[in-house]
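Data block below; observations after.
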Amino acid sequence: MTRYEGGKYPAPYVYSVSLACGHCDRPACVQACSYGAMVKDADTGLVLHNQDRCVGCRKCEQACPYGAPTYVKATGKIQKCNGCKDRLDVGKLPLCTSGCRGRALEFGDIAALKAAHPGWVDKIKAYADPTKTGPNVIFKPRPEAL
Ligand code: SF4
Ligand code: SF4
């Protein structure tokens, strides 16, 4: 979760945005990884990171426009949102979604989410150009976030 601030007195603003992996249609991280450690799962559409195969070269981190892969010094490897696949497999929602007290996050089929939220946008100030890789993320932003 990243916080953004702007505006001036008497109209300052602050908003928070979740910048976890967008499980892109054309994932730059997968293209950048020479070790098969980033894979687009054909069944779910999730982009999954395999810790066992990762050598920590950080090329995926450089390639991702959205800052999703994170290098962990302690392990020497990348860590990235796997969509809580283990939870999805047993019919549960990802932890970020079920744990959001404001109910500001939803997870599911992107076509269904778009249909359920008319007026959605796929670009806000805090988010890199979505035409690059096609992240499966939409927003219902406050006006100042556009
Ligand atoms: S958001 Fe970044 S890490 Fe996630 S699939 Fe897209 S390019 Fe890969
Ligand atoms: S850090 Fe790991 S997942 Fe990322 S490109 Fe290198 S081997 Fe692949």
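Both ligands and their constituent atoms are indexed starting at 1 by order of listing.
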>> Does Leu95 form a side chain to side chain contact (heavy atoms under 4.5 Å, CB included) with Arg87? I'd like the steps, not just the answer.
In response: CA-CA 8 Å; Leu95 273 176; Arg87 290 174 60 87; 3.5 Å; yes

>> Among all the protein's non-hydrogen atoms, which is closest to atom 6 (Fe) of ligand 1, and how far away is it?
In response: Cys24 SG, 2.3 Å

> Under the 6.0 Å and 45° cation-pi test, does Arg58 pair with Tyr71?
Replying inline: yes

> Who's the nearest protein heavy-atom neighbour of atom 2 (Fe) of ligand 1, and how far?
Replying inline: Cys64 SG, 2.3 Å

> Taking C-beta and beyond as the side chain, do Met38 and Gln31 meet within less than 4.5 Å on heavy atoms?
Replying inline: no

> Stepwise, does the side chain to side chain contact (heavy atoms under 4.5 Å, CB included) test hold for Asn136 with Cys24?
Replying inline: CA-CA 6 Å; Asn136 287 292; Cys24 303; 5.7 Å; no

> Apart from Val14 itself, what residues make up its hydrophobic cluster, given side-chain heavy atom links below 4.5 Å?
Replying inline: none

> Taking C-beta and beyond as the side chain, do Arg142 and Tyr13 meet within less than 4.5 Å on heavy atoms?
Replying inline: yes

> Passes side chain to side chain contact (heavy atoms under 4.5 Å, CB included), Asn82 versus His49? Steps please.
Replying inline: CA-CA 7 Å; Asn82 274 355; His49 177 247; 3.8 Å; yes

> Against heavy atoms of Lys80, which atoms of ligand 1 measure under 4.0 Å?
Replying inline: 3 (S)

>> Restricting to distances shorter than 2.8 Å, give the number of protein N, O or S atoms close to atom 6 (Fe) of ligand 2.
In response: 1

> Which atoms of ligand 1 are found less than 4.0 Å from any heavy atom of Pro69?
Replying inline: 3 (S)

>> Under a 4.0 angstrom heavy-atom cut-off, which atoms of ligand 1 come close to Tyr66?
In response: 1 (S)

>> Using 2.8 Å as the threshold, say whether any N, O or S atom from Cys21 sits that close to atom 8 (Fe) of ligand 1.
In response: no

>> Within the 3.5 Å criterion, strictly below it, is a donor on Tyr66 or Thr133 matched to an acceptor on the partner's side chain?
In response: yes

> What atoms of ligand 2 come closer than 4.0 angstrom to any heavy atom of His49?
Replying inline: 3 (S)

> Considering only protein heavy atoms, which is closest to atom 8 (Fe) of ligand 1, and at what distance to one decimal place?
Replying inline: Cys29 SG, 2.3 Å

> Can you list the residues that meet the salt bridge (Lys or Arg N to Asp or Glu O under 4.0 Å) rule with Asp129, with sequence neighbours excluded?
Replying inline: none

>> Which residues pass the salt bridge (Lys or Arg N to Asp or Glu O under 4.0 Å) test with Lys125, not counting sequence neighbours?
In response: none

> What protein heavy atom sits nearest atom 7 (S) of ligand 1, and how far away is it?
Replying inline: Ala28 N, 3.6 Å

>> Give the atom numbers and elements of ligand 1 that come within less than 4.0 Å of a heavy atom of Gly22.
In response: 1 (S), 4 (Fe)

>> side chain to side chain contact (heavy atoms under 4.5 Å, CB included), that's the test. Do Val137 and Tyr127 meet it? Break it down for me.
In response: CA-CA 10 Å; Val137 176; Tyr127 206 59; 3.7 Å; yes

